[in-house]
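Take a look at the structure below.
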Amino acid sequence: MASCKNIIHLGLILLVDFVGLCTGRLIRTKVVILGGGMAGVMVARTLSEKGISDFLIIEAESVLGGRMKDTTFDKYTIELGANWIEGIRNHETGEENPIWTMAKKYNLTSTATDTDDLLTYDQNGQFNYSDVVDQAFAHFKQVLDDATKREASNLEDLSFAEGQRLRGWIPKTPYENVADWWAFDFEFADRPTASSMIRTAANEKATHGQWLEDDQFVTDQRGYAFLVREEAKRIATNKNILYNSTITTIEYSNSSVNITLKNGLIIWADYAICTFSVGVLQHNDVHFIPAFPAWKQESIFSSKWQHIQKSFFNFLINSGVTRNSFYTLILTDEAIIHNGSH
Ligand SMILES: Cc1cc2nc3c(=O)[nH]c(=O)nc-3n(C[C@H](O)[C@H](O)[C@H](O)COP(=O)(O)OP(=O)(O)OC[C@H]3O[C@@H](n4cnc5c(N)ncnc54)[C@H](O)[C@@H]3O)c2cc1C
């Protein structure tokens with residue numbers, strides 16, 4: 001019975017493909033790349049370096065870049081998504097951050113962010129409580145060490161906040177709460193109470209622990225995604241990219257993959273490489289046939305994502321600060337800090 005079903009299914013696919021070919025609604029390619037963000041374009045670059053030119057990038061938007069996206073504010077290009085080149089060199093391996101390599105290749109304008117160079121304020125104006133900020137960071141580092149030891153000893157995980165309390169860091173004053181936010185929430189986009197102590201330490205080790213040197217804040221007026229578009233220009237022609245093309249269904253087997261777009265176009269490929277964000281997968285925006293196995297679904301749905309609000313301010317008055325500045329606005333209203341909607 002099952003094999004009869006399979007034969008009918010195969011017959012239907014062949015029929016659809018035949019009709020598609022006759023009507024020009026079907027494209028064949030060797031490798032289909034799903035999504036034209038940084039990952040998708042890097043896949044295309046890698047294929048191209050390996051001598052494979054029969055690939056097709058399918059992108060829902062009218063431009064490449066994905067979550068590297070800019071807009072114009074006043075007369076300036078500002079980044080809506082990624083803004084930093086996160087560390088320029090791996091301190092453990094000496095390897096250069098490939099994004100930094102690319103940034104140098106295209107003379108991307110950026111400025112180093114020195115997060116230790118802080119000016120602190122409260123509601124009355126500038127007020128120095130850097131010592132409180134230093135304390136918050138010192139405790140943060142202690143909890144990371146404790147987490148590593150905890151994991152090595154096979155002890156049960158705790159929340160990061162519990163780890164902080166065990167180290168005596170119990171923020172109470174608005175200054176301590178702001179310092180706590182700056183030391184933790186700013187980077188992890190969540191409260192320490194909602195974050196795993198052991199996973200935070202692992203995350204920190206894999207990111208800032210290795211990629212330490214200056215984070216570079218991209219201010220290039222061509223936009224951060226200029227890197228993606230320039231790389232694409234060098235390896236792909238218009239024949240290799242489908243813009244404004246939303247994928248609705250991905251039907252895959254061990255030997256081929258059929259992609260259906262919202263506009264009815266069908267793409268038939270030997271291989272597909274999917275670069276959609278976990279958010280896209282969590283929303284079930286794309287129908288996968290067969291559905292992902294349970295272990296993969298568990299992994300997708302157990303990823304927790306946070307919302308970060310980027311706010312842009314146009315300073316009409318010269319602030320008097322002459323060095324390159326990155327402003328972080330932290331609201332000292334405790335209620336706002338505690339409910340996590342910064
Ligand atoms: C607000 C914000 C700030 C960030 N800040 C930084 C930072 O400072 N530094 C840093 O390194 N990283 C930062 N990131 C993360 C960084 O932007 C991403 O990790 C990176 O851009 C992901 O690239 P990607 O190619 O993997 O995915 P994406 O850029 O998401 O590319 C996937 C592509 O798939 C397309 N797509 C999705 N669904 C479909 C569909 N159904 N059909 C067709 N196409 C589809 C999308 O349009 C998109 O172009 C930030 C992200 C955000 C959102």
Side-chain angles (χ1 to χ4, degrees), residues 84 86-87 90-93 113-123 126-215 278-279 282 298-309 326-342:
W84 276 274
E86 305 271 2
N90 185 315
H91 280 234
E92 287 178 10
T93 63
T113 303
D114 182 358
T115 45
D116 293 331
D117 185 11
L118 284 183
L119 291 176
T120 51
Y121 294 78
D122 68 7
Q123 63 272 31
Q126 201 176 336
F127 175 67
N128 189 354
Y129 51 95
S130 311
D131 55 328
V132 183
V133 176
D134 291 344
Q135 279 173 37
F137 274 99
H139 283 99
F140 174 73
K141 290 198 176 106
Q142 284 173 343
V143 179
L144 293 182
D145 288 344
D146 292 348
T148 309
K149 287 182 198 140
R150 217 177 162 80
E151 190 177 22
S153 313
N154 258 337
L155 287 172
E156 215 172 283
D157 200 1
L158 295 175
S159 76
F160 201 86
E162 285 163 334
Q164 288 174 312
R165 305 300 179 262
L166 288 171
R167 277 288 180 179
W169 175 250
I170 307 173
K172 288 179 189 145
T173 67
Y175 304 113
E176 287 165 346
N177 274 314
V178 167
D180 191 47
W181 187 93
W182 181 235
F184 193 90
D185 307 36
F186 173 73
E187 197 54 51
F188 297 100
D190 209 337
R191 297 296 300 141
T193 42
S195 305
S196 141
M197 185 172 161
I198 289 176
R199 291 296 98 211
T200 300
N203 184 339
E204 187 66 9
K205 191 160 180 254
T207 53
H208 293 98
Q210 290 176 17
W211 301 91
L212 273 178
E213 246 172 81
D214 297 335
D215 284 349
V278 175
Q282 284 180 345
E298 185 181 314
S299 173
I300 290 167
F301 290 109
S302 61
S303 286
K304 197 172 134 211
W305 293 93
Q306 298 302 334
H307 297 271
I308 298 179
Q309 174 77 44
F326 160 64
Y327 294 87
T328 303
L329 179 76
I330 306 176
L331 301 173
T332 54
D333 178 334
E334 277 184 287
I336 291 173
I337 287 168
H338 281 304
N339 72 19
S341 31
H342 315 289

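We use all heavy atoms of the structure for the numbers below, so side chains are in, but hydrogens, waters and symmetry mates are not.
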task: Heavy atoms only: give me the nearest Pro192-Ser159 pair and the separation to one decimal.
output: O-CB, 3.9 Å
query: Distance from Gln126 atom CD to Thr120 atom OG1, nearest 0.5 Å?
result: 7.0 Å
Evaluation steps, side-chain contact (heavy atoms from CB on, under 4.5 Å), between Phe160 and Leu144: CA-CA 9 Å; Phe160 201 86; Leu144 293 182; 3.9 Å; yes
message: Looking at Ile198, is its backbone amide N or carbonyl O close enough to the side chain of Asp157 to form a donor-acceptor pair, meaning the two atoms are under 3.5 Å apart?
response: yes
task: Go through the steps to decide whether Asp180 and Trp169 satisfy the test side-chain contact (heavy atoms from CB on, under 4.5 Å), and finish with yes or no.
output: CA-CA 9 Å; Asp180 191 47; Trp169 175 250; 3.0 Å; yes
query: Below 4.5 Å, heavy atoms only, C-beta onward: do Gln164 and His139 meet side chain to side chain?
result: no
field: Pairwise distance CD1(Ile170) to CZ(Arg165) - rounded to 0.5 angstrom
entry: 6.5 Å
- prompt: Step by step, would you call Arg150 with Met197 a side-chain contact (heavy atoms from CB on, under 4.5 Å)?
  reply: CA-CA 9 Å; Arg150 217 177 162 80; Met197 185 172 161; 4.1 Å; yes
query: Does any non-hydrogen side-chain atom of Ser299 lie less than 4.5 Å from one of Val278?
result: no
Donor-acceptor contact present, side-chain Gln282 to main-chain Ser303, <3.5 Å: yes
message: Tell me whether Asp215 contacts the main-chain N or O of Gly87 through its side chain, where contact means a donor paired with an acceptor under 3.5 Å.
response: yes
query: Does Tyr121 offer a backbone N or O that forms a donor-acceptor pair with the side chain of Tyr129 under 3.5 Å?
result: yes
message: With a 4.5 Å cut-off on side-chain heavy atoms, are Arg199 and Glu151 touching?
response: yes
Reported OG-to-CG distance for the pair Ser153 and Asp146, which is rounded to 0.5 angstrom: 10.5 Å
message: Once you measure the plane-to-plane angle for Tyr175 and Phe127, does it fall in the parallel (<30°), tilted (30-60°) or perpendicular (>60°) bin?
response: tilted
message: Is the shortest side-chain heavy-atom distance between Ser195 and Phe184 below 4.5 Å?
response: yes
message: Can you classify the ring geometry of Phe137 versus Phe140 as parallel (below 30°), tilted (30 to 60°) or perpendicular (above 60°)?
response: perpendicular
message: For a 4.5 angstrom cut-off between non-hydrogen side-chain atoms, does Thr207 reach Glu86?
response: no
Main-chain N/O of Lys172 paired with Glu176 side-chain donor or acceptor, under 3.5 Å: yes
message: Any non-hydrogen side-chain atom of Leu166 less than 4.5 Å from a side-chain atom of Leu158?
response: yes
